[in-house]
Each structure stands twice: as C-alpha cells, then as structure tokens.
Amino acid sequence: MEISKNFAATEIEGKWYDHWMSKGYFHSEPDEREPFTILIPPPNVTGILHMGHMLNNTIQDILIRKARLDGKNACWVPGTDHASIATEAKVVKWLRAEKGIKKSDLTRQEFMDYAHIWKDKYGGIILNQLKKLGASCDWDRTAFTLDEVRSEHVQKAFIDLYEKGLLYRDYRMINWDPVAKTVLSNEEVIRKDVQAQLSYIEYRFADGSEGGITIATQRPETIMADVAIAVNPKDEKYKDLVGKMVLIPLIDKAIPIIADNHVDLEFGTGALKITPAHAPEDYAIGKTHGLEVINILNEDATINEAGQILVGEDRFVARKKINKMLAESGHLQKLEDYTTNIGRSERTDAVVEPRLSLQWYVNMKELGKKALDAVMMDEVQFYPANFKNTYRHWLENIQDWCISRQLWWGHRIPVWYLGDDVFVANSIEEAIIKAKEKTGNQSLTIDDLKQDDDALDTWFSSWLWPISVFDGFSGSKEFDYYYPTNVLVTGWDIIFLWVARMIMSGYEWYDQKPFEKVYFTGMVRDQQRRKMSKSLGNSPDALKLIEKFGADGVRFGMLSSSPAGGDLLFDEKLCEQGRNFTNKLWNALKLLKGFEIDKSLPQPEVNVLAIQWFENKKNHILTEMARDFEQFRLSESLVRLYSFIWGDFCSWYLEMIKPAYQQPIDVATYEATVEIFSELMTILHPFMPFLTEEIWHLLKERKDGEDCVVSTWPTIGTFDKTLDKQIELTKEVIGKVRDIRNKNGLKKREPLTLLAQKSEETTNLLSAKGIQNLLIKLGDLEKIELVDQDIEGTSVSFGAGTGKYFVPLNLTIDVEAETKRLEEELKRAKGFVMGIEKKLSNERFVSNAPEAVVAMERKKLADGLARIKNIEESLEALG
RNA sequence: GAGGGUAUAGCUCAGUUGGUUUAGAGCGCUUGCUUGACAGGCAAGAGGUCGACAGUUCGAAUCUGCCUAUCCUCACCA
C-alpha cells in the first residue's frame, strides 16, 4: 500500500467523523453498563467557536472518548442556551437593518416568531463547529434551553419554588442595563476601576444668606433628583447647618440639610447629596428620613421631564453639559480626578444604572446552604480544589437572585395578575380557576387577567440543565440512569452564574448532586496575558487554526499547556508542535509499512529485547496515565504520552528493530510492532482522534465495526524496573559514543570499537541477552570487549552508570581539553559524594531515616566513589 | 476594605503524602548532520544558589511564619 507523503488532515477528518456518525458510536442509550456522562456547558445559540470553547470541549471529548475506550456507556449531551439579552439585541438589530421593523411595532408573538426564524438561520453554528474539532457528542440528544421540554422544566421550577415560598416579588434598587432595557442580576454586572472626576458643587442657602454647602459628586447630572444634603451628625463644621434649606443649583429647588450616620466625614467635603432614585445608599438614607423619590432618568438613561433641564439628553452628555453650566453659574468649585468602580453589563457593556423597580427574586439563603455543604464536604469535588474557597466566600455572602428580565426572547414568567392578586400557574386556564377560587367571582374571563410581561433570566433555565436534558421532571428512565453526571468541565468565570446554581437545583429537587466532579479550565489568554476577546481582536479564528494545523494538532496545542484552573497563554506554536507530532507518527507508519517482510527470517535477539523493553515501559506509562486521568492532569498525560511515542517508540524502538538498509524484517517483529503501534493509537485516541483512527486502519485490515474509537484501552501489566534500567544504561552508553563522534568530527557510520572496563555492572550489562547487539547496532560499533585495565594512548574514556568505557581512536587526543573535561566531572562527582557523606555521618540521619533511604544513600555513595576512581584513573592515564 | 492564587532554565510550565544518583519538559539557543520514515527532521550540548529571610526536620523546591513581587475574586462609600 502506498502511503501519502504527508498526513492530509482535512480530508481524513471529514471522512472519519462521518464514519463514526454513521455507525452511531456517539449515541448512548441506558443499558446495564456503567454510565459516564458529561453535559456540555451550553454555549450561546448565536455564538461561534472561540478559543475558550476549543479548550473546554477538547477536554470533555478526551474524557468521553477515554470512557468509551474503557468500556463505559459514554454519553456527552450537547446543546445551546438562548442567551436572552445577547440574542434579543441581535434580533432587534437584524429586524431594523434587514426588515426595517422596530421592536415596538411588533406584538410579543410576532417578535418571537421572527426571533425563531433568526435563530434557525444563524443559530447553532457552533454545534457544527464542534464537530470539526472532533467532539463526540450524542447529537440525537441535542437540547436547547428554549425548546419545549426545557421550557416545561423552567415553568415547573418557577411554580414549585413559588409554592414553597422560595420565590417572591419585590420593589428594590436593581442593576439596570439601559441598552438592553432590562434588569440584571449582580453576577451579570462586571465591575472595573475607571478614571472619573468628582465635581465639587456649591448649594447656596435658600434664605438668601451668604454661602452654602459644597458637596462632591461623580454624577452631577443627577442633582435635579436631589432631595436633601446629608452630613454626619458628628461633623463639627456642619453642625449648625442641619435643618437649613439649600437650593439645588440651576433649578433652584429648595432641599433640607439633614444629619445621618452613614455619611463619611473624610470623603470629599463630608457633605453628601441625597438622590434616592439613583443610588442605593441614598435610597436607604432617604427611606429612613421619609424623603421623596424623584426619578429623572428614562429606561434608556436619558433625562426625563422630571429633570426640568437637559431633558432628552443622554446621562453622559448631560454630565459634560451640566458641569459647564455649573461652572458658568459659579456653582462648580473644582473638578478632581478620582478612581471609582463602575459596573457594566456583561452582555451589552453598557454602564449599569441603579434603578428602582419591581422584580422577581429567588431566596438564596435556603438553596445556598445545601449547595455550600455539598462542596465543602467534597460530595461535589472541585478540581483544582482551591476554588472551594471562592465558592464558599460567595455562598456565605449570597444575595437573592433577581430572575425577571424585561425581555421577550426567553421563558415568559408564568404569573397572571388580577388587580393586586397574583396567580402563578401553568397556563392562563389554570390561572383563571385559581382566580375564581380566590375571588369567588365565577364570571372572570381570560381578558380579566394580565400575564406578567417579563421573561426569566437565561440562567434560570441553565441551572436546570442537568435535570432538564434528561427530562427529569417527567421521571424519565434516562434521568435515573445518567443522573448524577460524572464531571462538569467549565471555566471558573461562571462558577457563580452557573455551577453553584446547578448544585442548588440538584439538591432542591432531588436532594442529589448534579455531578460528581467539576473541572475548572483555565482562561485562554494571549502572549501578553490578556484575556482573549472580540473587542481586543486578539483571538485567532478557531476554524482557520483547524485548517492550518488539523483538528488533532489544535487539540494537542490547546491541551499541552493547560493545567486545570491556570491560564493558558495561547501560542500558535503549540498547535504547530501538535501538527509536527501527527507528521512524526505518519512517518513512523510510512517506515513500518515500507518494510519488506521475510517469513523465513528468524527473529533477531535485539528485536526480542526491544519488544520486551517497550511493552514493559508501556505498562509504566499506562500506570502513570491512569493516575493522571484520575486527577484530571490531562496536559501532563498528553506530554507523557508524547515523549513516550516520539522518544521511546520512534527514536529508540523503531531504530532498534529497523532492518539494515534494503534488508527485510522478520514476520514476528513486524506483527508485534503492528500490535504495539495499534495500542499506541488507542491510547492516543482521546487526544488525537482523527490521526489515530486513520493510522489504526492503515496498520492492518480491520473488520466492519472494528474502529479505533471503539477499541479497548489496554490492560496494564507489570513493570520490571531492572529491565528498564538496563536499557536506560545502554541508551546512555550509546549516547556517549555518539557524543565522541560529534566531538571528534567522526562520521556517523564510521565503525568504532567499544571497550568496557570489567566491573559487576559492565559484566552484567554486556552478558544480558541482546544488549551487545543493541550497542553495536545503534552505536555503529564493530566490536565490544571487556578489558581488565585502562587503555593507554589514543583512546577516549567516558563513564556511564558506574562503569567506565573506552573508545580507541586513531587521532591525537587534545590532552588539555580532555583533562579539563575530566576535572570538571571529578569536581561534580566529589561534590555529590561529599553531600552524601555528610548525610551518612550524621548519627541522627542513620538512626532516624527509614532503612531503605539509608541503604539508598549508601548505594549512592558507593556508586559515587566508583565514579571518582574511574575519573582519577583516566586523568592519571592522560599524564 | 475582605479573601484567594502564583513566584523553579531566556520564555511557558511540570515536579503527585518531604528522601530514587546534588532539579525535569516543550519552545528558544549552541554545535554537527543533503543518514535510506521524517529539515514539520536526526544526534549531541549549554543553561537553574527552586523570589528573600527565619523556622520545623536526620533530611525542604516540597511543611510553617514573616517579607517582597505579581495576578485574580468578592464588596453600595458619594
């Protein structure tokens, strides 16, 4: 069979993905096997694949493919969420641009119809992109937070919480997004320090007497909503002013000076303007003093009629203008630079406005308690575990969750109002029945009830994901079988928004965790450690990367440097390394397939040894990998496997068994190598699925249904340390011989003689089966001899293990350089021995340390002394 | 203001309950290779007083304390 020069990733990826799909390998049904379940953190339905998704989904795919190879019933459920705010904004924009329709001209139903059209057209792209990455999801189970089953769950959850008294409606100061025109939960507000200015404004006495009081504010545009000026009652300088009236500049409205303990004497001038409608603390102060609330901002944060001046201006434009006006009227005393913390909407980036409104809340005190315990007691395990601290900190200071949103794209709140009466129900018909019962008025009709206009927070559907994807509220057998799931793989940035709330919902409805383990991935950052983002434009195009390096190469790149929880500094070079690895394996395949097989040939000793050694080492690697997987150290596992395949398999094993040029190979070795290679492909498969499937099939004829993706993870045999050490020593000797060639400008193929000074170690080594032939083959030697003593004259000596070796050369030796080299070696060896002697001469070490440790130190000492002796002899021989 | 993380080679990071020949990998760097699978490669090599100080211990990169640097999370001070 002719094998192409390079691994053609693109063609092969499509071919195998289709094959896997047609065989239904990714589909799972409950059966008697142990399930292994992962739920995808649903990406935004309108989103496209970015680096974070690639990392996150590569990890999930590795875990799921490994579980499949382990013989478990692997089920990875994909899906998307409807991303209320982001999607509604996109739909509104699309309607305006392409259809010339304003949202306000549409009924709710019309808008929803358009939104669904839009979603069907542009949504779900990301799921197809995941296929390119190789994600082995059970696509038959694809769920969407706004589909029928998931919507039923949302409604049931809402009603159930209401009936339990865990859900309520309240009038409070909330976070308002003036672009999306909706309330946001605290978690959806991103706070950052920014440079701002404090305006120092003088409010003059209303009675016309000289002077006034000066306040410092960051928001001068809100002065029209002021209802008082507050000072601290302990503040000597303002003591006499309390009770006096002052005039709001520009609008000349009289407001009182009041005293309140909450005012900080040190900040600004020590006088605080009270604007209850536009600042949370002011609202609180206003309430205790029974002050009026004057709202001067519209929904879109422009000034309204109540403001009297600057009506219709945006708040930031108004801020600039009013500063100017105040300066002109002589009220502005100064502007001062100042750093403050402002919140922006996570989705629209608009500066969030405090606003008073009536919203629905979930009581978190109750729900949070069990969720906190579950993680603290390790019922749900966090990887890395230190996220437990963050989690606890949040849950211990948790505030109630505002779940209503002033949007249409989402689950409409199942609440109907009749005057002041509230009816929470599954449908309007049910609500009517409840209303009739409550009021005793049997003549009520649908038209008498008004449904709540708001929709629910997207996270209110996401938090039910582990339940709803299996139709849990209907008591499905899927739910019984797959729940709780095994592991959740997600970024730590949504630990509160999502992870914590899923744990809450799991315990609330089933008194059971939603997942055993949570693996928090790191954030993908660029070379300057900046988070990758659209606005910075520092995020590479995911699909282009796949085109350039192949999905396997990109998967390798994403993973090879991403410890859990830490950051990943993305560099294309990592993907390049992955692509190079696929190339290396491809060439190894080409080499093997290029061998001519001679069935009459006996198996050489060297090959027997090579196979034995490689199988042995494989057991060691598998043991380590098992531990890696248990602890989600996937990056380490891949690196380990990478160096095993590249270093041990390609550089050593294949060289060991490689026949001489144009010579055939014996059949036993060939077949053993095909098996070894196949096994390596199975082991590598979770990380690089496409390449491994391709090679697996090219290695030998496979029957229908025999595919790498559904092959069996090898069982782990015993590891013989002695055998491994012996080969390592042989490799060391070969390396030293090669070094001698390098340093003396000898050709690689120039035959050399190797002499080993007789010792227990050298005798053992050279008498072991196959070792001498191995040395000859890979060291390009013509003969090997054991000698009794030092060789005088033109030979170079070296140490390996504790042994001493010589290579006679027909060259004059550079005595000076050689002496220098040996002296340095001697220095090092002496330092080594000194350290150990110090340890061993310590009475307390010998009596306290475990025997094995002391014995090891004695061995190290003996070996060290032997090495010193060797070096000293060589120095002597040099003269 | 509260809490947390990190500090190991030029860079990015491993180092698994303290002891395995006086610290490992990848990239980068140096030297040599038109070797018959592979230059997306082969072979060899240089490079680190494990942030500072103090302590616990027979023994510390690993545990404790303090300091320094740096990153992050939470928090209504105008």
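Just the heavy atoms: all of them, side chains too, but no hydrogens, waters or symmetry mates, feed the values below. Just so it is clear, the model here is predicted, and its values are computed rather than measured. Proteins get letters first, then strands, A, B, ... in listed order; numbering begins at 1 in each.
Checked by atom type, the side-chain pair A:Thr275/A:Asp226 shows a donor-acceptor distance below 3.5 Å. Using modelled atom types, one finds a donor on one side chain and an acceptor on the other under 3.5 Å when comparing A:His289 with A:Asp260.
Map A:Val189 and A:His262 each onto its nearest nucleotide of RNA chain B; the residue landing nearer the 5' end is A:Val189.
For A:Thr390, the side-chain atoms get nearest to B:U73 when compared with the rest of B:U22, B:C76, B:U73. Each of B:U16, B:G36, B:C72 was ranked by its minimum atom distance to the side chain of A:Trp492; first place goes to B:C72. Checking B:C74, B:U21, B:U12 against every side-chain atom of A:Asp863, the shortest atom distance belongs to B:U21. Among the nucleotides B:C38, B:G41, B:U20, the one closest to any side-chain atom of A:Glu655 is B:C38. The side chain of A:Asn6 has B:G40 as its nearest neighbour among B:G5, B:A43, B:G40.
A ring-centre distance under 6.0 Å is found for A:Tyr383 and A:Phe632. The aromatic ring centres of A:Tyr653 and A:Phe649 sit less than 6.0 Å apart.
Across B:U17 and B:U21, the matching C1' atoms stand 23 Å from one another, rounded to whole Å. Separating the P atom of B:U12 from that of B:C71 is a span of 13 Å, rounded to the nearest Å. B:G48 and B:G24 are spaced 14 Å apart, taking the P atom of each and rounding to whole Å. On the P atoms, B:A23 is 12 Å away from B:U49, given to the nearest whole Å. Spacing between B:A37 and B:G28 at atom P, rounded to whole Å, works out to 25 Å. For the C1' atoms, the distance linking B:C33 with B:G26 amounts to 23 Å, nearest Å.
For A:Arg219, no side-chain nitrogen or oxygen approaches OP1 or OP2 of B:A78 to under 4.0 Å. Between A:Asn341 and B:C76 there is no side-chain polar atom (N or O) within less than 4.0 angstrom of OP1 or OP2. For A:Arg633, a side-chain nitrogen or oxygen approaches OP1 or OP2 of B:G15 to under 4.0 Å.
Taken residue by residue, residues 581-591 of chain A places heavy atoms nearer than 4.0 Å to RNA chain B at A:Thr582, A:Asn583, A:Lys584, A:Asn587, A:Ala588, A:Lys590, A:Leu591.
Pair assignment for B:G1 gives B:C74, based on Watson-Crick or G-U wobble hydrogen-bonding distances that are each under 3.5 Å. B:C33: Watson-Crick or G-U partner is B:G41, with both key distances under 3.5 Å. The partner of B:U64 is B:A54, judged by Watson-Crick or G-U wobble contacts that both fall below 3.5 Å. Judged by Watson-Crick or G-U wobble contacts below 3.5 Å, the nucleotide B:G10 has B:C27 as its partner.
A salt bridge links A:Glu221 with A:Arg219: the distance from a Lys NZ or Arg NE/NH1/NH2 to an Asp or Glu carboxylate oxygen falls below 4.0 Å.
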Quick one: which protein N/O atoms are closer than 3.5 Å to N/O atoms of nucleotides 56-58 of chain B? Pair and distance per line, please.
unit_1: B:C58; atom_1: O2'; unit_2: A:Asn842; atom_2: ND2; d: 2.9

